[in-house]
Protein chains: 4
Amino acid sequence: MTVLKSDRLMSRKQPTQARSQATVEAVLEATIQLLLHGGSSALTTNRIAKKAGVSIGTLYQYFPGKEALLYALVGRHLDKASDAVERACQAHRAMPLAACSDAFVNSYIDAKTGNPEASRALYHASTELDMKDLGSGMIARLHRAVRAMLFAAQGGKFADLDDVVLTWVAAVTGGTRQIFEEDDTIARLPVFRTQLLQMSRAYLEASTVTAVLENCVAIIEAEDLSD
Amino acid sequence: MTVLKSDRLMSRKQPTQARSQATVEAVLEATIQLLLHGGSSALTTNRIAKKAGVSIGTLYQYFPGKEALLYALVGRHLDKASDAVERACQAHRAMPLAACSDAFVNSYIDAKTGNPEASRALYHASTELDMKDLGSGMIARLHRAVRAMLFAAQGGKFADLDDVVLTWVAAVTGGTRQIFEEDDTIARLPVFRTQLLQMSRAYLEASTVTAVLENCVAIIEAEDLSD
Amino acid sequence: MTVLKSDRLMSRKQPTQARSQATVEAVLEATIQLLLHGGSSALTTNRIAKKAGVSIGTLYQYFPGKEALLYALVGRHLDKASDAVERACQAHRAMPLAACSDAFVNSYIDAKTGNPEASRALYHASTELDMKDLGSGMIARLHRAVRAMLFAAQGGKFADLDDVVLTWVAAVTGGTRQIFEEDDTIARLPVFRTQLLQMSRAYLEASTVTAVLENCVAIIEAEDLSD
Amino acid sequence: MTVLKSDRLMSRKQPTQARSQATVEAVLEATIQLLLHGGSSALTTNRIAKKAGVSIGTLYQYFPGKEALLYALVGRHLDKASDAVERACQAHRAMPLAACSDAFVNSYIDAKTGNPEASRALYHASTELDMKDLGSGMIARLHRAVRAMLFAAQGGKFADLDDVVLTWVAAVTGGTRQIFEEDDTIARLPVFRTQLLQMSRAYLEASTVTAVLENCVAIIEAEDLSD
DNA sequence: TATGAATGAGAGTTCATTCAT
DNA sequence: CATGAATGAACTCTCATTCAT
């Protein structure tokens with residue numbers, strides 16, 4: 001499920017031979033390494049080529065420009081994460097709400113935790129270039145997967161499913177990102193995960209039609225009493 | 001409450017005279033305009049100076065470099081937002097938990113909504129330079145303010161207050177950022193706010209010692225039954 | 001009478017200060033020198049800057065690119081030549097046809113001969129880039145000037161003035177160019193000039209209405225005899 | 001009648017086999033196509049090879065470099081044109097002067113008109129590289145052919161045949177080139193041809209010894225009268 | 001002999017910053 | 001204090017050419 005790309009961001013040639021494949025792999029890997037090490041300001045095409053052990057010309061045989069290289073890199077990572085989350089969501093269809101809740105939170109954090117440094121580096125890179133479409137594409141995939149899972153979950157219909165999905169996905173992905181971006185909070189990731197699981201359960205539970213109903217009743221009763 | 005800065009990022013001279021103040025103001029304003037208009041790649045010191053109507057030399061009289069300029073700009077915006085949230089939190093000390101919850105969410109979103117375009121532009125700018133300390137500074141202020149508010153809130157002690165603060169602040173700030181960054185979700189900001197209010201109430205409620213206790217009891221009973 | 005230019009070819013700033021003027025002059029002069037010495041393949045912006053004794057950055061302050069630099073250079077030379085020819089044509093209005101003929105040929109060759117090496121160098125340079133508009137602009141000016149001169153000349157109306165102008169101008173400018181481009185013919189320029197004067201006189205004389213008429217009569221008589 | 005070439009410009013191998021011939025043909029054809037389509041700046045060896053349907057390595061088997069490729073291409077076209085003009089000149093030996101005049105002009109313009117776009121493209125290409133020898137070679141052939149024709153023409157001996165040949169050939173070839181190079185004059189090629197025929201006849205007629213003599217007599221008489 | 005992946009010197013251009021005026 | 005011409009290191013990207021397969 002690749003997002004449509006403009007020509008400027010398309011890969012120049014598909015590496016068919018084994019040698020080519022290795023080259024592309026080396027370039028992408030070198031890019032991540034540089035991103036991790038020196039930040040995005042130290043990321044130059046010549047440095048990438050040198051680190052990858054190829055000539056600058058070779059790099060440009062496979063990527064039409066620096067932007068395209070980063071685009072490919074970010075796309076690949078986001079796709080990998082999206083895949084993982086999608087699989088988890090599909091595996092939990094028709095399960096109890098709490099299990100569904102945990103499934104999304106855990107699979108998302110796991111995906112990001114797989115290579116946390118890389119995740120951070122790519123976050124930064126993607127913000128600089130115009131890669132909103134990539135991010136949007138991933139968010140859209142998450143929305144679909146989560147929506148389908150919640151729709152089929154045991155133990156609760158939602159009054160406004162789309163709104164819940166929007167908010168939950170934003171809170172989980174955004175919150176995780178926030179934790180990742182601070183050097184002094186990343187150590188507390190396990191704590192964050194536990195709390196995020198609890199927050200999600202509580203939120204979803206409270207957004208169920210029955211819960212909403214109860215809440216309304218409670219409010220009305222309270223008003224009656226206060227009269 | 002200014003964050004500590006290295007010399008490289010310090011403003012060169014405190015503009016005491018009225019004319020100087022106007023110059024600094026013009027430069028900062030021009031920077032935002034360019035950021036909004038052309039993105040961070042079109043942001044050059046020469047362009048800023050021209051747009052501000054001053055010479056490039058003058059710009060360097062007040063800022064030791066481009067980085068410092070952006071640092072000042074971002075810091076100012078973050079400070080403004082932090083101030084607003086701090087005030088709201090202080091105003092709600094000793095109030096019921098739900099009110100506290102709403103206070104933080106609403107004040108934070110309001111602060112960001114004041115000039116949403118500028119917020120987005122500055123997000124991008126701050127990511128490129130090494131401004132983690134600014135972001136961290138803001139987050140630290142929010143943590144303190146929220147912690148104090150929750151600590152004094154009616155209706156609940158928290159078993160692990162710091163963990164709750166960490167998670168809640170991350171989810172609210174990160175979630176909001178996520179909504180802001182997508183062109184197609186920003187329109188649904190009102191919906192997001194409503195849901196985020198609900199999510200926050202549910203989470204805080206569920207993190208109360210009494211709630212946790214009830215939950216434990218429920219689990220134990222369930223286990224007893226299943227025996 | 002400047003030709004309209006696209007933004008890409010426009011000079012970046014008009015040098016108002018004396019220092020700037022000198023810089024621009026130095027750059028243009030250096031460009032010609034390099035063109036003369038090494039041909040167009042040795043013409044790089046960095047070499048130009050070095051030869052001009054300025055930094056590469058300075059060059060780009062005044063010209064948005066290499067193309068624009070050459071454009072300005074060629075335009076300036078063509079304008080100078082056009083001016084000279086225009087003046088000569090205007091000075092010979094209402095003179096005998098032979099004098100008019102000589103005026104154009106001589107003024108054109110003189111203009112090109114002023115700095116023959118530069119002329120050759122710029123011919124080459126202009127061919128590479130898209131400077132047809134400059135050449136066309138000059139040709140158009142020549143057409144107008146020559147037409148006005150011939151229209152007012154003593155001793156002959158032309159049956160098809162525009163056609164004569166087109167052809168004469170092409171033959172004179174093209175022929176001269178041809179002589180300039182060969183190393184071994186440029187030495188014979190004086191001979192060429194003499195012959196071109198004669199060719200021009202003969203052509204214009206023969207294109208006069210009276211000459212054409214005589215010619216027709218002669219042909220008809222010849223046909224009568226052959227019957 | 002090939003011009004002498006340096007090693008660098010020599011074709012690497014004479015393609016004797018049919019397959020080789022086809023390859024060379026394809027490469028040369030592809031070169032023209034690219035020249036016509038994208039101009040000389042879009043002409044790269046890799047693109048030529050791809051368009052020709054051969055690998056870049058194969059291209060270098062037959063041509064030692066890009067320059068040699070263009071050299072061969074231009075040489076071939078110039079040779080073709082030269083052949084045509086030579087044939088025409090030889091066919092008109094011992095004919096009346098007017099017929100000789102027409103023969104050269106018509107055969108030259110016809111040769112260029114055969115594929116006007118290609119002519120223009122090759123003009124540009126040849127200017128960039130050091131192909132003066134090719135152009136000179138062609139001009140030399142034309143000089144010889146025209147000289148021989150005029151020498152044997154009925155109705156006139158020339159006082160300074162070589163000067164006439166130099167000038168006439170320059171005017172015809174240069175004038176034609178000028179017409180070809182402007183987009184807005186190429187449409188008037190037929191008109192130009194007619195006028196060039198007339199100009200040539202008039203010039204040659206006037207360069208005849210008898211004509212020159214008459215002219216001298218006329219001038220002397222005029223001087224006598226004015227005494 | 002044909003292939004095409006790899007090469008790398010060098011091209012044009014930008015932009016944060018300085019300093020003589 | 002303000003100016004803005006000048007700087008030049010560093011950047012992205014091209015393309016003629018080679019050579020292992």
Side-chain angles (χ1 to χ4, degrees), chain A residues 13 15-24 41-50 53-69, chain B residues 13 17 19-20 23 41-50 53-69, chain C residues 13 15-24 41-50 53-69, chain D residues 13 17 19-20 23 41-50 53-69:
Chain A
K13 55 165 106 162
T16 48
Q17 300 189 5
R19 186 155 59 130
S20 308
Q21 290 239 356
T23 298
V24 168
S41 59
L43 191 76
T44 74
T45 49
N46 281 282
R47 264 199 271 269
I48 292 170
K50 176 168 280 183
V54 300
S55 77
I56 179 64
T58 298
L59 187 156
Y60 277 91
Q61 295 247 345
Y62 297 99
F63 302 96
K66 190 193 188 188
E67 213 174 348
L69 174 52
Chain B
K13 49 173 99 166
Q17 299 184 11
R19 188 156 59 121
S20 305
T23 300
S41 61
L43 191 75
T44 73
T45 50
N46 283 282
R47 262 197 274 267
I48 292 171
K50 174 170 278 183
V54 301
S55 76
I56 180 66
T58 299
L59 187 155
Y60 274 86
Q61 295 256 334
Y62 293 100
F63 300 95
K66 189 194 187 186
E67 216 174 344
L69 173 52
Chain C
K13 56 164 104 162
T16 48
Q17 300 187 5
R19 187 156 59 129
S20 309
Q21 289 238 356
T23 299
V24 168
S41 60
L43 191 76
T44 75
T45 50
N46 282 281
R47 264 198 272 267
I48 292 171
K50 177 169 280 184
V54 301
S55 78
I56 180 64
T58 298
L59 188 156
Y60 276 91
Q61 295 246 343
Y62 298 100
F63 302 96
K66 190 194 188 189
E67 213 174 348
L69 174 52
Chain D
K13 50 172 101 165
Q17 299 185 8
R19 187 158 57 123
S20 305
T23 299
S41 61
L43 190 76
T44 73
T45 49
N46 283 282
R47 262 197 272 267
I48 292 170
K50 174 169 280 183
V54 301
S55 76
I56 179 67
T58 300
L59 187 155
Y60 274 86
Q61 297 254 333
Y62 293 100
F63 300 95
K66 189 193 187 188
E67 216 173 346
L69 173 53

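Every chain is numbered from 1 and lettered A, B, ... according to where its sequence line falls, protein lines coming before strand lines.
Atom pair D:Ile56:CD1 and F:dC19:C1' shows a separation of 13 Å (rounding to whole Å applied). The CG atom of A:Leu59 sits 15 Å away from the C1' atom of F:dC15 (whole-angstrom rounding). Following rounding to the nearest Å, D:Leu69 (CG) and F:dC15 (P) show an atom-to-atom distance of 16 Å. Rounded to whole Å, atom C1' of F:dC11 lies 12 Å from atom CD1 of A:Ile48. Taking atom NZ of A:Lys50 as the reference point, atom P of E:dA6 lies 19 Å away to the nearest angstrom.
One finds a side-chain N or O of C:Ser55 lying less than 4.0 angstrom from the OP1 or OP2 phosphate oxygen of F:dT7. Between E:dT14 and C:Tyr60, no contact under 4.0 Å exists linking OP1 or OP2 to a side-chain N or O. Distances shorter than 4.0 Å separate some side-chain N or O of C:Arg47 from OP1 or OP2 on E:dA11. Proximity of D:Tyr62 to the phosphate of E:dA2: a side-chain N or O atom is located under 4.0 Å from OP1 or OP2.
For the residue pair C:Ser20 and C:Tyr62, a side-chain donor N or O sits within less than 3.5 Å of a side-chain acceptor on the partner.
Contact detail for A:Val24 and A:Phe63: the closest heavy-atom pair is CG1-CZ, 4.1 Å.
Within 4.0 Å of A:Thr44, counting heavy atoms only, lie sugar-phosphate atoms of the nucleic acid but no base atom. Counting non-hydrogen atoms under 4.0 angstrom, C:Thr58 reaches a base of the nucleic acid. Contact annotation for B:Leu43: backbone-only contact, meaning every heavy-atom pair under 4.0 Å involves sugar-phosphate atoms and none involves a base.
When each of B:Val54 and A:Gly57 is assigned the nucleotide of DNA chain F bearing its nearest heavy atom, the one mapping closer to the 5' terminus is B:Val54. With DNA chain E read from its 5' end, the first of the two nearest nucleotides for C:Lys66 and A:Asn46 is the one closest to A:Asn46. If B:Thr45 and D:Gly53 are placed on DNA chain E by their nearest nucleotide, the residue sitting closer to the 5' end is D:Gly53.
Judged by distance alone, with hydrogens and angles left aside, the side-chain atoms of C:Lys50 form no donor-acceptor pair with the main-chain N or O of C:Thr45 at under 3.5 Å.
In DNA chain F, runs of at least 3 consecutive Watson-Crick or G-U pairs, each pair with both distances below 3.5 Å, span E:2-21 with F:2-21.
In terms of the side-chain hydrogen bond (donor to acceptor under 3.5 Å, both in side chains) criterion, residue partners of A:Ser55 (sequence neighbours excluded) are, by chain and number, A:Thr58.
Distance check: A:Arg47 CZ to A:Ile56 CD1 gives 11.5 Å after rounding to the nearest 0.5 Å. Note that CG of C:Leu59 and CD1 of C:Ile48 are 6.0 Å apart. Values are rounded to the nearest 0.5 Å. Here the NZ-OG1 distance, from B:Lys66 to B:Thr44, works out to 7.0 Å after rounding to the nearest 0.5 Å.
Residue-to-nucleotide contacts include no donor-acceptor pair under 3.5 Å from the side chain of A:Gln61 to the base of E:dA5.
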